[in-house]
2 protein chains.
Amino acid sequence: MRRAVKARAGHTSEGTLERLEALCRERGQRLTRQRRAVLRKLAAERRALSAYELLARLRPEDGRSTPAGVYRALEFLMEAGVVHRLESTRSFILCEHPDAPHGGQLLICRVCGQVVEAEDEPVAAATGRLGERLGFSLDPRVLELTGVCARCRARSAAH
Amino acid sequence: MRRAVKARAGHTSEGTLERLEALCRERGQRLTRQRRAVLRKLAAERRALSAYELLARLRPEDGRSTPAGVYRALEFLMEAGVVHRLESTRSFILCEHPDAPHGGQLLICRVCGQVVEAEDEPVAAATGRLGERLGFSLDPRVLELTGVCARCRARSAAH
DNA sequence: CGCCGATTGATACAATGTATCATGTTACGA
DNA sequence: TCGTAACATGATACATTGTATCAATCGGCG
Ligand SMILES: [Zn+2]
Ligand SMILES: [Zn+2]
Ligand SMILES: [Zn+2]
Ligand SMILES: [Zn+2]
């Protein structure tokens, strides 16, 4: 548990903060206390959090947090490409590859909630070809795949 | 316009009703007036409708329709595999391949809202391999891809 | 300091989805 | 045909998720 958190937090500091600072310079925006706080809460989880779960974690530290504020911070972080929104669960998760905006795939375990991020070239190529075949120019986009992770499968096999 | 509606409606009668009747026999359920009505409204559209858009279309014919009723009908139709839910837009659309439950892909034009359904083997194979590589046993699942369809691209190119 | 754009706070509201329980409907067997 | 049990609906209230608005505040800069 401790390790998972540290891995996430470590990950965050590597590319995410640089990316955010670059974006702020570029656009005259600011990496504020509130935005950092939302980022920190997401970095402390291996699973995705809903906006209201985030709000509940923020309030003890800052009693004036509001839904609108959380959504605004999330919008900022998503535009910066360092947070993904999981449409299938209406929740948000830290990007594991924040070096550049990207498509990719999120594999979500429906038992334990764990999310793993991938950037699989064969999948990207196949969807690209499908788009061409049907005349669509597709947006880069993070695909959501649900299933059961290895650990949960092992656990359920052992009863 | 007329033609699009008829194509959809024609499609519906082919496989969808059989499939619903089979499912009802199997499970002791019923293909009721309300469920048929929701199906009919979805069949009349080439784009996806939200639950509340459906409700607005149902009310003139049946003033007692309620959100809960619409969601119950949609749940039934989704379990039967003849309606898909678009998570990216929180809306619902008739399945174009209702012969059997399936994964597949929905290509959604973000300009005109048109949705095209595909069952692309290369995409399915690539995602399956990705799942294996990361130890996930993936659920069959309809992927949502957004972009711009050929017609809308042509239109915007011509200003 | 005093300005200006970016950000937040506060509040209210919109949109989407669910729980509950009483009532109605249908298939099926006595 | 009638009773009845399972299935389905109506009505209502509520929960969750997401936005709009506008005034107040912050932070850098001349
Ligand atoms: Zn990412
Ligand atoms: Zn798991
Ligand atoms: Zn389908
Ligand atoms: Zn289009």
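A, B, ... follow the sequence lines: proteins, then strands. Residue 1 opens every chain.
The CG atom of A/Leu54 sits 11 Å away from the P atom of D/dG18 (whole-angstrom rounding). For A/Glu53 and D/dT16, the CD to P distance is 11 Å, given to the nearest whole Å. Nucleotide D/dT16 holds its C1' atom 13 Å from the CG atom of A/Leu55, rounded to whole Å. We find that CD of B/Glu75 is positioned 11 Å from P of D/dA8, with the value rounded to whole Å. For the pair A/Leu49 CG and D/dG18 C1', the computed distance is 17 Å after rounding to whole Å. Atoms CZ (B/Phe76) and P (D/dC7) sit 12 Å apart, rounded to a whole Å. A straight line from CZ of B/Arg33 to C1' of D/dA8 spans 10 Å, rounded to a whole angstrom. The CZ atom of A/Arg90 sits 12 Å away from the C1' atom of D/dA15 (whole-angstrom rounding).
Nearest nucleotide to the side chain of A/Gln29, out of D/dA20, C/dT7, C/dG9: C/dT7. When distances run from any side-chain atom of A/Gln34 to the nucleotides D/dG10, C/dT11, C/dT8, the shortest one goes to C/dT8. Of the listed nucleotides (C/dG17, C/dA6, D/dG18), D/dG18 has the atom at the smallest distance from the side chain of A/Ala51.
Around CZ of B/Arg155, the count of heavy atoms belonging to other residues, nucleotides or ligands within 6.0 Å does not exceed 12.
Here A/Leu49 contributes atom CG and A/Arg90 contributes atom CZ; the two are 16.0 Å apart, rounded to the nearest 0.5 Å. Between atom CZ of residue A/Arg33 and atom CG of residue A/Asp62 there is a gap of 5.0 Å, rounded to the nearest 0.5 Å.
Looking at A/Thr16, A/Leu54, A/Ile93 one by one, the single match for side-chain contact (heavy atoms from CB on, under 4.5 Å) with A/Leu42 turns out to be A/Leu54.
Residue contacts for A/Arg85: at a heavy-atom cut-off of 4.0 Å it reaches the sugar-phosphate backbone alone, with no base atom in range. At a threshold of 4.0 angstrom between heavy atoms, the contacts of B/Arg30 include nucleobase atoms, whether or not backbone atoms are also involved. Within the 4.0 angstrom heavy-atom criterion, only backbone atoms of the sugar-phosphate kind lie near A/Arg35; the bases stay farther away.
For C/dG17, its base never sits under 3.5 Å from the side chain of B/Arg72 at any donor and acceptor pair.
Here A/Tyr52 does not reach the OP1 or OP2 of D/dT17: none of its side-chain N or O atoms lies under 4.0 Å away. Note on B/Thr32: a side-chain N or O is less than 4.0 Å away from OP1 or OP2 of D/dT9. Between A/Tyr71 and D/dG18, a side-chain N or O to OP1/OP2 separation shorter than 4.0 Å is present.
Each of B/Phe92 and B/Arg64 has a nearest nucleotide on DNA chain C; the 5'-most of these lies closest to B/Phe92.
With hydrogens and angles left out, the side-chain atoms of B/His97 and B/Glu119 include a donor and acceptor closer than 3.5 Å.
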